[in-house]
Amino acid sequence: MNTKEFKEGIRDGLPICLGYISVSMAFGLSAAKMGIPVWTAVLMSLTNLTSAGQFAGATLLATHGTYLELTISMLIINIRYFLMSLSVSQKVDKEFTTGRRLAASFGITDEVFAVSMQRRKELSFSYMTGLILTPVLGWTGGTLLGGVATSLLPEALSDAMGIALYGMFIAIIVPPAREHKNVMFAVLLAILASCAFTYLPVLNNVSGGWSVIIITVVVSAIAAFLFPVKEEEDD
Amino acid sequence: MNIPYLLIGIMIMAVVTYAIRVTPMVIFRKKIENERIKSFLYYIPYTVLAAMTFPAIFSSTQSSASSIAGCIVAVALAYFNKGLLVVALGAAGTAFLVGMLGL
């Protein structure tokens, strides 16, 4: 374990952890409202580490959905992690053995992915361990807090925290979009497509999980076709 | 609530989610050299995060006024290269203040 890399991981993971605490408190709260025992909600957070998937899964379980429905929902909502893991697989260093790949894969969430892509060097196992550690604690601990002490945060504050994770995403996409016209193009096209999938008839019947996949694949392909990236620009 | 049913459900969720995450990490062990595919992968973080953020950010708080204000502040802070935490808290703080004003 490389201590310096591990500490950098912890440092970069802390903002994710803070954002997760509020979101997972909301999850713990709604799971409790649905009649799901707190300890099972905490277990779900610890083993799943995914926001949208857990909200959908808890809702299905509370309404006695079938295991098939549960499996298909998880596939559709979480399939975007496939693309994220694929990107991460291209950025890990040579020391990333199979065992390390099996371990680090567990923690690839939207935010962990986003932050690891922003790092300007190859990803070491020490860095990834630090990066994943506090978000897991925040996510699991927040679920517990939300389940047992729902009135801990004033509602206005927990409501405002809902925007924090989106703020993080904005912090990741805006600076490179400002510097590189090709990235700006990809970002704007993705936003346009996402709005179309949200507001246009027919398209808005596509579930959120699938529309993100379709937009990611199609827009990235268009951008790669129009503006191939040379080796040097690839950070 | 039926506990065995819940626990099996949670296990299924965990297995499916982990399988999605682990498969590419184990399959794609070598660096991809093809320039088109590398370019495609280069754009993925930006397109996936942009698609997930917009327009969802505008319904992330109770009122559109607070989420729009939070979004504007986030974009402005990010434009001037402020770090993740500053941008995230700036967005949340703005949304909180606007929410307090009752807008």
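Keep in mind that this is a model prediction, so the values were computed, not measured.
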**Study point:** Stepwise side-chain contact (heavy atoms from CB on, under 4.5 Å) test for B:Met25 and A:Val88
**Key:** CA-CA 7 Å; B:Met25 279 287 272; A:Val88 173; 4.0 Å; yes

Exercise for review: Would you check, one step at a time, whether the test side-chain contact (heavy atoms from CB on, under 4.5 Å) holds for B:Arg21 with A:Thr50?
Suggested key: CA-CA 11 Å; B:Arg21 283 170 170 153; A:Thr50 168; 4.1 Å; yes

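Looking only at side-chain heavy atoms (C-beta outward), B:Pro55 and A:Tyr199 come within less than 4.5 Å of each other. Looking at heavy atoms from C-beta onward, A:Arg101 lies out of side-chain contact with B:Val22 at the 4.5 angstrom threshold. Annotation: side chain of A:Val229 is not in contact with side chain of B:Phe40 (no heavy-atom distance under 4.5 Å).
For A:Thr198, the part lying near chain B is the side chain, with the backbone staying farther off; criterion is any non-hydrogen pair under 4.5 Å. Within the 4.5 angstrom heavy-atom criterion, only backbone atoms of A:Thr97 (N, CA, C, O) approach chain B. Residue contact with chain B, scored on non-hydrogen atoms closer than 4.5 Å, involves the side chain of A:Met84 exclusively. Of the two parts of A:Leu60, only the backbone, made up of N, CA, C and O, holds a non-hydrogen atom closer than 4.5 Å to a non-hydrogen atom of chain B. A:Ala193 does not touch chain B: none of its heavy atoms, backbone or side chain, sits under 4.5 Å away. Only the side chain of A:Phe113 comes within less than 4.5 Å of a heavy atom of chain B; its backbone N, CA, C and O stay farther away.
The closest donor-acceptor contact from the side chain of A:Gln90 to the backbone of B:Lys30 lies under 3.5 Å.
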Name each donor-acceptor pair under 3.5 Å that joins a side chain in residues 5-19 of chain B to protein atoms two or more places apart or in another chain, with its distance.
| residue | atom | partner | partner atom | Å |
| --- | --- | --- | --- | --- |
| B:Tyr5 | OH | A:Gly65 | N | 3.1 |
| B:Tyr5 | OH | A:Gly65 | O | 2.6 |
| B:Thr17 | OG1 | A:Asn78 | ND2 | 3.0 |
| B:Thr17 | OG1 | B:Met13 | O | 2.7 |
| B:Tyr18 | OH | A:Leu102 | O | 2.5 |

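With a 6.0 Å cutoff to the six-membered ring centre and a 45° limit on the axis angle, A:Arg178 counts as a cation-pi contact of B:Tyr79.
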